[in-house]
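To keep things clear, I will list the structure first and then write my remarks on it.
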Amino acid sequence: MDTNTTPTPERSDFVRDIVASDLAAGRVDGVVTRFPPEPNGYLHIGHAKSICLNFGIASEFGGRCHLRFDDTNPIKEEQEYIDSIMTDVRWLGFDWGEHLYYASDYFEQLYEWAVHLINAGKAYVDDLSADEIREHRGTLTEPGRESPFRSRSIEENLDLFERMRAGEFPDGARVLRAKIDMASGNINFRDPVMYRILHAAHPRTGDDWCVYPSYDFAHGQSDAIEGITHSICTLEFQDHRPLYEWFIENLPVPSTPHQYEFARLNLTHTVLSKRVLLKLVREGHVRGWDDPRMPTLSGIRRRGFPAEGLRDFAGMIGVARADSVVEIEMLEHAVRDVLNRQAERRFGVIDPLKLVIENYPEGQVEQLEVTNNPEDPGAGTRMVSFSRELWIERDDFMEEPPAKYFRLAPGREVRLRSAYFVTCTDVVKDASGQVIELHCTYDPATRGGSSPDGRKVKGTLHWVSAPHAIPAEVRLYDHLFSEPFPGSEGRDLFDDLAPDSETIIAGAFVEPSLAEIPVGQTVQFERLGYFCPDPDSTDGALVFNRTLTLKDTWAKLQAQSQGR
RNA sequence: UGGGGCGUAGCCAAGCGGUAAGGCAGCGGACUUUGGAUCCGCCAUCCGUAGGUUCGAAUCCUACCGCCCCAGCCA
């Protein structure tokens, strides 16, 4: 047997093709990737695509993937973000093992390399202000002009750079620039800034430094130090690739990584921009980074989406170089697919209507066996209390049902799931005409939910026994933005925030077993959707978040008939 | 008018000179103790447009059109 074949990736895309051919051609001995977040916010589902790509490739090709914090800007970065990022990557199901790194680990080495470039006459200290540098940079169509400080002697540059590090100058007084080509069509080559002065405390290095390397001067070299073979990033860094390579070629780095770019994820009805997400949090449009409506991994987790669904989704959407916007329905499909297979079923009534079974003995309670998950026999069954007074869904009754309405109506017989057939005999209303109670009779021969005489019913309803049910708060979630492309066509992004993205229902009733479901587990409330306990739950007050609804053919029919 | 990319169905995406995978959505139907799930069928004579090369082109060439990114001491 050949035990040394090249591992076969489970999916194919242009990045995996490159990795496979590099391995096959012997251009690399093994694959090393990295996920390089800047700790300036929480990870969102766009990052999940990148995480799945980088960690996925590493595991498929028998390599490894590093987690490296790109922490070169202390002004925006915080330990809280570092902690949340590690939690989120682990939750998504990936493990960086021993390979946890920080760009800040390399600050001393980076500084030495900057000195190397100065000595080679390829970097200089510029005294121009930020505004002046911008003016000298030229425009997209006009070349830039060289800084008057560009021809400083190596000695003077060395001295000045050392004094920058020593803290002799205020923020913004000087920068270190690479000396490349002020006339380049690629603006990144117009003497890019390598170091800037920032008298700011860094989450990891504290006050050790007051000069910090820019992204361009840190990223490629960090990759080289770690022996990264394939440095995968998003499309907007394409123009930086020549600069990435320039530093690698002009510095005595220990390896030569290569950069590849793919299109970032965009999703309808949401926004994946750290800037906007931060604003949603800071301005209180949502309750926090982990609000269940947020596309952050922490929000998605609190919402009840399983990590497996996100991984499946990442596989479904593929990886390519064309800008694209994925319909959020695809994500929802991936999540439902996992939940349908794995979530245990329970009974919960969100908008309760009392149902009294007139011919059921008062005070009698029986235990009925209910299947936990018809998709998974291994999930077993549970016993649920049944009694004379029940709660059913208000939606499941109509006094004057339209065609194709299969549920309860006066005189109609339906099945109470796993219990009995009941027939509606009476409708009780209050003074305003609102239905407040239904009276029914049940057929004792239909125990368990099927009729020995073969009689069929069109509708099956979920229910909870009124004396046994426990009250709960239920939070219904929907897309954060009502528009598929928030802020498009000149609209203000925040005007597109959906007013009903969250609906809080205080008076729901759920079966008692739901009190035992731990935070982090998602269950299906039969016929309604998937729900999970929110961390806001307390012993006496349960709170459930609606993860997603079930697909609802009846709702679709109604929408169609109303649309006509 | 500079540089770098991208254009295959409503959406995502395979395809790499031999005659358009797959998924999502949608539409029909079967089945059903969740109007869930499942199953079956339909859904690009055509690959941004126009030319050219070739026996043969989504794939090669040319021109054009459209869209995205770049002028942070952000990443």
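We name chains A, B, ... by the order of the sequence lines, and we start the count at 1 in each one.
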When we call it a touch if two heavy atoms are under 4.0 Å apart, what does A:R415 touch: a base, just sugar-phosphate, or nothing? base
For B:rA50 and B:rC73, measure between their P atoms and round to the nearest Å. 45 Å
Going by a 90° cut-off around 0, is B:rG72 syn or anti? syn
State whether a side-chain donor-acceptor pair under 3.5 Å links A:T446 with A:R415. no
If you check the A:Q560 side chain, which of B:rC74, B:rC27, B:rG2 turns out closest? B:rC27
Does A:E375 make a side-chain donor-acceptor contact with the base of B:rG36, cut-off 3.5 Å? yes
Would you indicate, yes or no, if B:rA13 has its OP1 or OP2 atom less than 4.0 angstrom from a side-chain nitrogen or oxygen of A:S324? yes
Rounding to an integer number of Å, can you tell me how far A:R190 CZ sits from B:rC73 P? 13 Å
For A:L176, answer base if it contacts any base atom (sugar-phosphate contacts may also be present), sugar-phosphate if it contacts only those atoms, and nothing otherwise; contact means non-hydrogen atoms under 4.0 Å. nothing
For B:rA25, the Watson-Crick or wobble partner whose two distances fall under 3.5 Å: none
Please answer whether the main-chain N or O of A:F149 pairs with a side-chain N or O of A:D126 as donor and acceptor at a distance below 3.5 Å. no
Could you let me know what B:rA30 is paired to, Watson-Crick or G-U wobble, both distances under 3.5 Å, or none if it's on its own? B:rU38
I'd like to know if the side chain of A:R345 reaches the main chain of A:A343, judged simply by a donor and an acceptor atom lying under 3.5 Å from each other, with no hydrogens or angles considered. yes
By nearest heavy atom, map A:S214 and A:T446 onto RNA chain B; which one lands nearer the 5' end? A:T446
Does a nitrogen or oxygen in the side chain of A:K556 sit under 4.0 Å from OP1 or OP2 of B:rC27? yes
Figure out the CZ/C1' separation between A:F14 and B:rG15, and round it to whole Å. 16 Å
When you check the phosphate oxygens OP1 and OP2 of B:rG36, does a side-chain N or O of A:R336 lie under 4.0 Å from one of them? no
Is A:F406 stacked on the base of B:rG35 when the test is centres under 5.5 angstrom and planes under 30 degrees? yes
Separation of atom CZ in A:R196 from atom C1' in B:rG72, rounded to whole Å: 9 Å
Phosphate OP1/OP2 of B:rA75: any A:K274 side-chain N/O under 4.0 Å: no
Does B:rA75 have A:Y215 stacked on its base, where the ring centres are within less than 5.5 Å and the planes differ by under 30°? no
Hey, is the side chain of A:R407 pairing donor to acceptor with the base of B:rG35 inside 3.5 Å? yes
Once you apply a heavy-atom cut-off of 4.0 Å, does A:H219 come out as touching a base, just sugar-phosphate, or nothing? nothing
Using the ring centroid of each side chain, check whether A:Y244 and A:H240 are separated by less than 6.0 Å. no
Would you indicate what A:V193 reaches in the nucleic acid, counting non-hydrogen atoms under 4.0 angstrom: base, sugar-phosphate, or nothing? sugar-phosphate
Check whether any side-chain N or O of A:R345 sits under 4.0 Å from OP1 or OP2 of B:rA37, and answer yes or no. no
Could you give the distance separating B:rG22 and B:rG41 at their P atoms, to the nearest angstrom? 11 Å
For A:R34, is there an ion pair with A:E226 - N to carboxylate O distance below 4.0 angstrom? no
Phosphate-side-chain proximity, A:T553 and B:rG36, N/O vs OP1/OP2 below 4.0 Å: yes
So, does A:H333 get its side chain near the phosphate of B:rC24, meaning an N or O under 4.0 Å from OP1 or OP2? yes
Rounded to whole Å, how long is the line connecting atom CD of A:E393 with atom P of B:rG35? 12 Å
Report yes if the distance between the aromatic ring centroids of A:Y101 and A:F69 is under 6.0 Å, otherwise no. no
Write down the distance separating the P atoms in B:rC46 and B:rA9, rounded off to the nearest Å. 13 Å
Heavy atoms only, 4.0 Å cut-off, all strands: where does A:Y405 land among base, sugar-phosphate and nothing? base
Partner nucleotide, any strand, of B:rC67 [Watson-Crick/G-U, under 3.5 Å]: B:rG5
Could you check whether A:T141 gets within reach of a base, just the sugar-phosphate, or nothing at all, counting any heavy atom under 4.0 Å? base
Using a 4.0 Å heavy-atom cut-off across all strands, classify A:I133 as base, sugar-phosphate, or nothing. base
Is a donor-acceptor contact shorter than 3.5 angstrom present between the side chain of A:H136 and the base of B:rA71? no
What nucleic acid atoms does A:P36 come within less than 4.0 Å of, heavy atoms only: base, sugar-phosphate, or nothing? nothing
For a quick check of understanding: with a heavy-atom distance under 4.0 Å over all strands, which category does A:S129 fall into, base, sugar-phosphate or nothing? base
So what does A:F189 touch, heavy atoms closer than 4.0 Å: a base, only the sugar-phosphate, or nothing? nothing
Find the distance A:I317:CD1 to B:rC11:P and express it as a whole number of Å. 16 Å
Take atom CG of A:N340 and atom C1' of B:rC39, then tell me their distance rounded to the nearest Å. 14 Å
Please determine, for B:rU59, whether a Watson-Crick or G-U wobble partner exists with both distances under 3.5 Å, and give it or none. none
Any side-chain N or O of A:S12 less than 4.0 Å from the OP1 or OP2 oxygen of B:rA14? no
Compute the ring centroids of A:H219 and A:F237, then answer whether they are less than 6.0 Å apart. no
May I ask you to say what A:V457 touches in the nucleic acid, namely base, sugar-phosphate or nothing, with a heavy-atom cut-off under 4.0 Å? nothing
Ring centers of A:F217, A:Y195 separated by less than 6.0 Å: yes
Nearest heavy atom decides the nucleotide; on that basis, is A:E38 or A:L416 closer to the 5' end of RNA chain B? A:L416
Identify whether the distance between the nearest side-chain nitrogen and carboxylate oxygen of A:R417 and A:E526 falls below 4.0 Å. yes
Establish whether the base of B:rG4 is bridged to the side chain of A:N186 by a donor-acceptor pair shorter than 3.5 Å. no
For B:rU53, what is the paired nucleotide under Watson-Crick or G-U wobble rules, both distances under 3.5 Å? none
Which value, in whole Å, describes the distance between the C1' atoms of nucleotides B:rG2 and B:rC60? 29 Å
Which part of the nucleic acid does A:S450 contact within heavy-atom distance under 4.0 Å: base, sugar-phosphate only, or nothing? base
To the nearest Å, give me how far apart CH2 (A:W554) and C1' (B:rG36) are. 16 Å
A:W463 ring center near A:F386 ring center (under 6.0 Å): yes
How long is the line joining CG of A:L198 and P of B:rG72, in whole Å? 17 Å
At less than 3.5 Å, do the side-chain atoms of A:E327 and the base atoms of B:rG10 form a donor-acceptor pair? yes
Ring centroids only, cut at 6.0 angstrom: are A:Y442 and A:Y420 within range, meaning strictly under it? yes
OP1, OP2 of B:rC6 versus side-chain N and O of A:R321: anything below 4.0 Å? yes
Rounded to whole angstrom, note down the P distance from B:rC40 over to B:rC31. 15 Å
Would you indicate, yes or no, if B:rA37 has its OP1 or OP2 atom less than 4.0 angstrom from a side-chain nitrogen or oxygen of A:Q524? no
Base, sugar-phosphate, or nothing for A:G318, non-hydrogen atoms under 4.0 angstrom? nothing
For A:D239, report the nucleic acid contact type (base, sugar-phosphate, nothing); a contact means any heavy atom under 4.0 Å. base
In whole Å, measure the gap between the C1' atoms of B:rU8 and B:rA57 for me. 14 Å
Taking atom C1' in both B:rC42 and B:rU32, compute the distance separating them and give it to the nearest angstrom. 23 Å
